[in-house]
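First the proteins, then the strands, lettered A, B, ... as listed; each starts at 1.
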2 protein chains.
Amino acid sequence: MVTIDFTILGMLNWKPMTGYDMKRMMQDSPVMYWSGNNNQIYKALVQLLDMGYVTNELQYQESAPNKKVYSITDSGRAALEAWILETEPESPEFKKAFLIQISWAGLMEKEKIDQLLARYEEQVREQIAMRQEEKRRQKYFPNRSEQEHYVWDQIYDNLCQSYEAELQWTVRFREGLKALK
Amino acid sequence: MVTIDFTILGMLNWKPMTGYDMKRMMQDSPVMYWSGNNNQIYKALVQLLDMGYVTNELQYQESAPNKKVYSITDSGRAALEAWILETEPESPEFKKAFLIQISWAGLMEKEKIDQLLARYEEQVREQIAMRQEEKRRQKYFPNRSEQEHYVWDQIYDNLCQSYEAELQWTVRFREGLKALK
DNA sequence: CATGCCATGTAAGGCGTTACATGATTTC
DNA sequence: GAAATCATGTAACGCCTTACATGGCATG
């Protein structure tokens with residue numbers, strides 16, 4: 001039982017879904033984007049079925065492929081709740097290949113460094129725009145209570161703020177660089 | 001040729017090192033921590049040797065295992081420089097398992113959510129302290145010019161600021177939660 | 001006397017990505 | 001007529017982690 005399993009249980013605790021639906025939600029989500037591939041989802045679903053944490057119902061469709069609609073069971077709900085409450089929160093991990101790239105540019109001409117930073121800034125701005133758009137669309141936005149709405153609002157903000165902080169860093173970096181020597 | 005290769009070339013362009021040294025530097029570094037394992041490093045070094053981007057010299061030691069000290073070649077330096085200047089900067093990736101955890105807690109009691117956030121805040125504070133300590137120690141801090149020193153200063157700050165932004169998010173989250181209903 | 005450091009490597013396995021297969025339906 | 005969507009799955013591969021093997025020396 002790893003994160004993907006609980007991600008699935010969480011989604012199913014929100015509403016019944018097919019594997020395809022979950023893949024969609026995970027891939028569109030800035031939070032659970034990793035693990036959002038067929039390979040892991042369909043494998044995990046088989047396991048969760050075995051453990052009795054989910055059930056599925058085959059739905060025949062004429063104008064589309066048949067689908068298996070999954071639902072969470074009581075024991076699945078219990079496992080999810082236990083995981084949420086008892087798992088020690090992990091500190092976030094940042095993977096920034098750009099920092100490696102720029103770290104070895106320190107001896108190059110100042111303008112080259114600035115150009116690199118400018119290109120990075122561009123990328124980060126794009127990310128911010130995308131995250132804001134995602135939040136605005138509210139495509140996946142559980143809203144079963146005022147409190148839940150607030151929580152999801154904060155989650156969408158989190159990513160925006162992370163990229164915003166990154167943007168501020170690049171701006172300050174470039175200003176300081178210009179002032180050098 | 002992927003990131004690990006250029007990470008190695010970058011380190012060797014700073015100073016000659018053994019595989020063991022590089023593993024150390026990568027694992028201690030908040031920037032290149034991923035890939036900091038024997039498996040990838042020793043494999044990559046063999047490849048880089050084949051391609052003529054690095055050379056090594058065997059040093060016999062009596063009171064310790066023999067070691068291979070690697071140095072970068074001119075063609076290695078050229079490849080590194082080309083990579084730095086021509087690679088399109090990647091936007092940073094954030095992997096925050098905690099967001100998944102909290103996202104499905106929206107229907108739980110307010111106190112439980114606050115406790116989760118409090119534990120997360122604790123984790124983030126620890127990270128900030130560690131990053132600041134790393135920066136203070138200046139163990140790995142290329143400093144061949146004022147400009148390079150400035151660049152590395154900014155790099156160490158980057159991680160601190162990312163965690164700082166995360167901390168601010170948790171604080172605001174908790175305040176807003178308290179004010180709810 | 002056990003643990004940890006130095007130093008090079010190998011092995012096993014999980015996580016995650018990309019691509020492929022199928023096949024009807026809708027959209028451009 | 002080509003491409004995308006729905007829907008379930010499989011296959012191949014690379015990245016990354018963890019652990020193991022060796023063996024002398026230093027530290028507690």
Round to a whole Å and report the spacing from [atom1] of [X] to [atom2] of [N].
X	N	atom1	atom2	result
B:Glu93	C:dG16	CD	C1'	11 Å
A:Tyr20	C:dT22	OH	P	18 Å
B:Trp34	C:dG14	CH2	C1'	19 Å
A:Asn66	C:dT22	CG	P	18 Å
B:Leu45	C:dT8	CG	C1'	11 Å
A:Asn39	C:dA21	CG	C1'	14 Å
B:Asp5	D:dG14	CG	C1'	13 Å
A:Tyr60	C:dA24	OH	C1'	18 Å

Look at the side-chain N and O atoms of [X] and state whether any lies under 4.0 Å from the OP1 or OP2 oxygen of [N].
X	N	result
B:Asn37	D:dT17	yes
A:Ser63	C:dT25	no
B:Gln40	D:dC15	no
B:Ser35	D:dC15	no
B:Arg24	C:dC6	yes
B:Gln61	C:dA7	yes
B:Lys68	C:dG9	yes
A:Lys23	D:dG9	no
B:Tyr42	C:dT8	yes

**Study point:** Earlier contact from the 5' end, DNA chain D, for A:Asn38 and A:Pro65
**Key:** A:Pro65
Review point. When we call it a touch if two heavy atoms are under 4.0 Å apart, what does A:Lys95 touch: a base, just sugar-phosphate, or nothing?
Key: sugar-phosphate
Exercise for review: Verify the neighbour count for atom CD of A:Gln147: are there more than 12 heavy atoms of other residues, nucleotides or ligands below 6.0 Å?
Suggested key: yes
Review point. Taking atom CD of A:Glu57 as the centre, does the number of heavy atoms from other residues, nucleotides or ligands within less than 6.0 Å exceed 12?
Key: no
Study note, to complete from the structure: Result for 5'-nearest mapping on DNA chain C, choosing between A:Val2 and A:Glu62, is A:Val2
Revision key, fill the gap. The single option from A:Arg174, A:Arg119, A:Lys178 that satisfies salt bridge (Lys or Arg N to Asp or Glu O under 4.0 Å) with A:Asp114 is A:Arg174
Review point. Does one side chain, of B:Gln138 or B:Tyr156, offer a donor that lies under 3.5 Å from an acceptor on the other?
Key: no
Exercise for review: Taking the side chain as every heavy atom from C-beta outward, state whether A:Glu146 and B:Leu180 have any atom pair closer than 4.5 Å.
Suggested key: yes
